[in-house]
Peer 1: 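Before I ask anything, here is the structure I am working with.
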Amino acid sequence: MSTKPLMVFEMANNHMGDLGHGLATIRALREACTGFEADFDFAFKLQYRDLDTFIHASVRGREDVKYVKRFEETRLSDASFQELVREMRDNGFQTVCTPFDEPSVDKIEAHAIESIKVASCSFTDWPLLERIAQSDKPVIASTAGATLEEIDNVVSFFLHRHKQLTLMHCVAEYPTPDASLQVNQIALLQARYPDCRIGYSTHESPDNTLAVALAVAKGARVFEKHVVLPTARYPANAYSANPAQIRAWLESARRALAICGSADRYQPSRAEEASLHSLRRGVFATRPIPAGTQLTRDMIEFAFPPVEGQLTANAWSKYSQFRATQDIPAGTPVLHMDLAESHLRSQVMGIVQDVKKLLKAAHVVIPGKSELEISHHFGLERFDDFGLTMLTVVNREYCKKLLVLLPGQTHPEQYHLKKEETFVVVHGELTLWLDGEERLAHAGDVITVNRGVRHRFYTSVGAVFEEISSTHEPNDSYYTDPAIARNTQRKTWLTYWM
C-alpha cells in the first residue's frame, strides 16, 4: 500500500445528469492535480442510488421534497456511470463509490470500483452495512453525527469481518463553519481506533485551505473534498471546490506535510548541529594528558566556547569512555580527532532488556524504583562472560538483594570479612564454588556462605537468586584476582530502568 496521503474528489451529483459535463469535470480535476503526484495519491468518487427503489413511490416526481428533485434530475444510466468510471481510470484516478442501497453495491462490484465509501447518513444502516461487508473491497466510512458507541459498533462489525477500514472525521453541515469543524476529532479517532486508518471528509467553504493543513498536522491520511466544474448552465454550490480552489487546497496540504515532517524522530541538519555545538561547553584539558591515557573528570573542565571538532560536555557521561591517542597539552581543547571513543549506552540497555526478560521468566516481583547495579568486573566488553546484576531491596542491620546471572556468566571469586550470606535460588540453575569445592544448586535450594569463605558462581542457563545477609558494606568485597580491584569503573547504576 502506498504511504502517500490519498485525496478523494467527490463528484456526488455535480455531474448534473450530464455525461459530457461529468467527463469534463474529471479531466479538469486531473489537470488541477498536475505537479502534486509526488506528494499524494488521487481518487475520484461517485454516488450510486437505485432511484427506482431508493425513492419511495409516494414521493416520486415531487419537487417539494428535499433532494428528490435533484436526485431524479441528475439520473444517469448504467452505461453513463461506466463511462465515468473508465474516464477516472484513464486519468490515473483510483475509483471510489458511495452506495445508498443494496442494489448499488451490486453495481459497484459489476463496475469493478476499488473502494466503497459509507456516507455519514448510512453509518448505522445495518442492512446496507451487511451487504457492503459481503464485498471484498476496502471500506471508507464517514462518522458525522455518530456517537462513540455507534462508532465502536461499526468498527467492531467491520474489523471482525477482516475488512480494511478507514474512518473519516466529518461534519455534515454544508458548508461547515469554522467553529464546527472539530478537527481535534481526528486525534480522538486515532487514539481510540489504532487498527483503522483515519481521514478527514471536508465540507467547509471551498476557499478554506487552513482546515486541510490542520487535518494533515493531526495525522489524517485520507482526505475527501466535493468538487465542481462551474459553467453558466451548472453553477457551483457553496461547499464544492472548483479546479483552481483544489490546487490551492492541495498546495496547503503539501505545505503542511512538509512542515510536519517525519513521524519518526527527525535527523538534524548540518546547520542545526553546528548551531547547537557553538552554544555548548567544550572539554578542555586542565593538565597534560599523555597518549594512551583514559580521560577522567579530574583531568578536564567544561567551558565556553567550544571550537570546531571539540568534545563537548554533552558527550561526557557514565556511558562514554575516551582515551587519548595523541598527547593533549594542558589548557587546550580536547578534540575528537585526538581520542578513541567508546559509547556504551546501547550495550547497557541491552543488558537491561536481558535482565528484564530473565526476571519475567522467574515471575519475580520487583520493588518500585529499585536501583539496578551492573557489575562488569573486567569491563563491559567482557560482561557476557564475567558479570552480575543485582538489586538491593533493603540494606540496614540486615540486607536483601536480588541477583541475576545471565546465561554463560561467571561471577569472579571473592570473599567478605564482615558479612555472612545466605543464597536462595529462585529460578534457573547455579554452579557455586565455596573455597574451591563445587556444588550445583537449583530453584528452591538454600546455600549459606560464612565469613571469609571464597565463593564464585556460574550459570549456563541463567539464574535468579536472593541474597540475605548482614549489612552490606562497600569495602567488604575482596576479589582474589587483583585486576578487578584495579578496575575503578567496574559498576554501572541505573535507577529508571523498569
Side-chain angles (χ1 to χ4, degrees), residues 1-12 29 40-49 84-85 88-89 93-102 104-109 111-126 128-146 150-172 176 182-183 185-190 192-203 211-212 215-216 218-227 239-240 249 253:
M1 180 184 293
S2 172
T3 59
K4 292 187 286 189
L6 176 63
M7 306 316 234
V8 182
F9 301 131
E10 160 72 279
M11 186 183 289
L29 266 295
F40 308 112
D41 290 325
F42 297 103
F44 227 102
K45 186 169 85 71
L46 297 171
Q47 294 182 357
Y48 284 179
R49 295 175 181 84
L84 291 176
V85 171
M88 293 174 188
R89 293 197 176 104
F93 289 112
Q94 298 177 35
T95 55
V96 185
C97 187
T98 302
F100 288 88
D101 46 61
E102 293 85 345
S104 293
V105 182
D106 298 339
K107 184 181 289 188
I108 284 172
E109 292 173 336
H111 294 177
I113 286 172
E114 296 162 281
S115 299
I116 295 178
K117 170 70 191 301
V118 178
S120 295
C121 62
S122 304
F123 191 73
T124 52
D125 184 333
W126 293 105
L128 179 58
L129 298 186
E130 288 282 1
R131 175 63 186 89
I132 290 171
Q134 293 170 19
S135 176
D136 62 353
K137 302 182 184 301
V139 176
I140 303 170
S142 283
T143 60
E150 289 171 333
I151 301 174
D152 288 346
N153 291 338
V154 171
V155 169
S156 176
F157 172 83
F158 280 119
L159 293 188
H160 285 172
R161 287 158 179 78
H162 307 291
K163 304 296 289 185
Q164 181 183 316
L165 179 62
T166 299
L167 287 177
M168 306 290 282
H169 166 56
C170 179
V171 177
T176 311
Q182 299 290 335
V183 177
Q185 295 295 300
I186 294 168
L188 183 152
L189 294 175
Q190 284 180 317
R192 193 174 181 94
Y193 308 107
D195 295 326
C196 298
R197 188 170 58 169
I198 305 301
Y200 177 53
S201 182
T202 166
H203 299 123
V212 69
V216 167
K218 288 293 182 181
R221 301 300 294 170
V222 180
F223 302 84
E224 183 182 26
K225 184 79 167 172
H226 283 257
V227 295
Y239 57 88
S240 297
W249 185 74

Peer 1: Using only heavy-atom distances, determine whether the side chains of D101 and S104 contain a donor-acceptor pair under 3.5 Å.
Peer 2: yes
Peer 1: Backbone N or O of V216 within a donor-acceptor pair of the R221 side chain at under 3.5 Å?
Peer 2: no
Peer 1: Go through V212 and T202 one step at a time and tell me if the side-chain contact (heavy atoms from CB on, under 4.5 Å) criterion holds.
Peer 2: CA-CA 8 Å; V212 69; T202 166; over 6 Å; no
Peer 1: Can you label the angle between the F42 ring and the F9 ring as parallel, tilted or perpendicular, going by 30° and 60°?
Peer 2: parallel
Peer 1: State, to 0.1 Å, how close Y193 and I198 come at their nearest heavy-atom pair, and which atoms those are.
Peer 2: O-CD1, 4.5 Å
Peer 1: With F100, which residues qualify under ring-ring contact (aromatic ring centres under 6.0 Å, His included), at least two apart?
Peer 2: none
Peer 1: How many angstroms lie between CD1 in I116 and NZ in K137, if you round to the nearest 0.5 Å?
Peer 2: 6.5 Å
Peer 1: F123 vs N153, test: side-chain contact (heavy atoms from CB on, under 4.5 Å). Steps then yes/no.
Peer 2: CA-CA 10 Å; F123 191 73; N153 291 338; over 6 Å; no
Peer 1: May I ask you to test the Y200-K218 pair for a side-chain heavy-atom distance under 4.5 Å?
Peer 2: no
Peer 1: Kindly give the heavy-atom pair with the smallest separation between L128 and E102, and that separation in Å.
Peer 2: N-OE2, 3.8 Å
Peer 1: Answer yes or no: is there a side-chain heavy-atom contact under 4.5 Å between V139 and T166?
Peer 2: no
Peer 1: Which heavy atom in K163 sits nearest to a heavy atom in I132, and how many Å separate them?
Peer 2: NZ-O, 4.1 Å
Peer 1: Is there a side-chain contact between L6 and F40, using heavy atoms and a 4.5 Å cut-off?
Peer 2: no
Peer 1: For residues I186 and L188, determine if any side-chain heavy atom of one lies less than 4.5 Å from a side-chain heavy atom of the other.
Peer 2: no
Peer 1: Among all residues two or more places apart in sequence or in another chain, which pass the salt bridge (charged side-chain N to carboxylate O under 4.0 Å, His left out) test with D125?
Peer 2: none
Peer 1: For a quick check under 3.5 Å, do T95 and E114 share a side-chain donor-acceptor pair by atom type?
Peer 2: yes
Peer 1: Does the pair Q190 and Q185 meet the rule for a side-chain contact (heavy atoms from CB on, under 4.5 Å), with working shown?
Peer 2: CA-CA 9 Å; Q190 284 180 317; Q185 295 295 300; over 6 Å; no
Peer 1: Would you indicate whether the side-chain heavy atoms of T124 and F157 approach each other to under 4.5 Å?
Peer 2: no
Peer 1: Determine, stepwise, if the pair R197 / L165 fulfils side-chain contact (heavy atoms from CB on, under 4.5 Å).
Peer 2: CA-CA 7 Å; R197 188 170 58 169; L165 179 62; over 6 Å; no
Peer 1: Which atom names give the shortest non-hydrogen contact between C196 and L159, and what distance separates them?
Peer 2: SG-CD1, 4.3 Å
Peer 1: So, do H169 and Q182 sit near enough that their side-chain heavy atoms are less than 4.5 Å apart?
Peer 2: yes
Peer 1: Under the salt bridge (charged side-chain N to carboxylate O under 4.0 Å, His left out) test, which residues partner K117, sequence neighbours left out?
Peer 2: E224
Peer 1: Name all residues meeting the ring-ring contact (aromatic ring centres under 6.0 Å, His included) criterion together with H111; count only those two or more places apart in sequence or in a different chain, and write none if there are none.
Peer 2: Y48
Peer 1: Do S240 and V227 have side chains that get closer than 4.5 Å, going by heavy atoms?
Peer 2: no
Peer 1: To the nearest 0.5 Å, how far apart are CD1 in I151 and OG1 in T143?
Peer 2: 4.5 Å
Peer 1: Should M88 and L46 count as side-chain neighbours, where that means a heavy-atom distance under 4.5 Å?
Peer 2: yes
Peer 1: To the nearest 0.5 Å, tell me how far K225 NZ sits from S201 OG.
Peer 2: 10.0 Å
Peer 1: Grab the two heavy atoms, one from A172 and one from A144, that are nearest each other, plus how far apart they are.
Peer 2: N-CB, 3.7 Å
Peer 1: Tell me every residue that passes salt bridge (charged side-chain N to carboxylate O under 4.0 Å, His left out) with D41, counting only those two or more places apart in sequence or in another chain.
Peer 2: K4
Peer 1: For the pair H203 and H226, name the ring-plane relationship: parallel under 30°, tilted 30 to 60°, perpendicular over 60°.
Peer 2: tilted
Peer 1: For the CZ atom of F158 and the CG atom of D195, what is their distance to the nearest 0.5 Å?
Peer 2: 15.0 Å
Peer 1: Where is the tightest heavy-atom contact between M168 and I140, given as atom of each residue plus distance?
Peer 2: CG-CG2, 3.4 Å
Peer 1: Check ring-ring contact (aromatic ring centres under 6.0 Å, His included) between F44 and all other residues, then give those that pass, not counting sequence neighbours.
Peer 2: F93
Peer 1: Nearest 0.5 Å please: distance from the CZ atom of R89 over to the CG atom of L84.
Peer 2: 11.5 Å
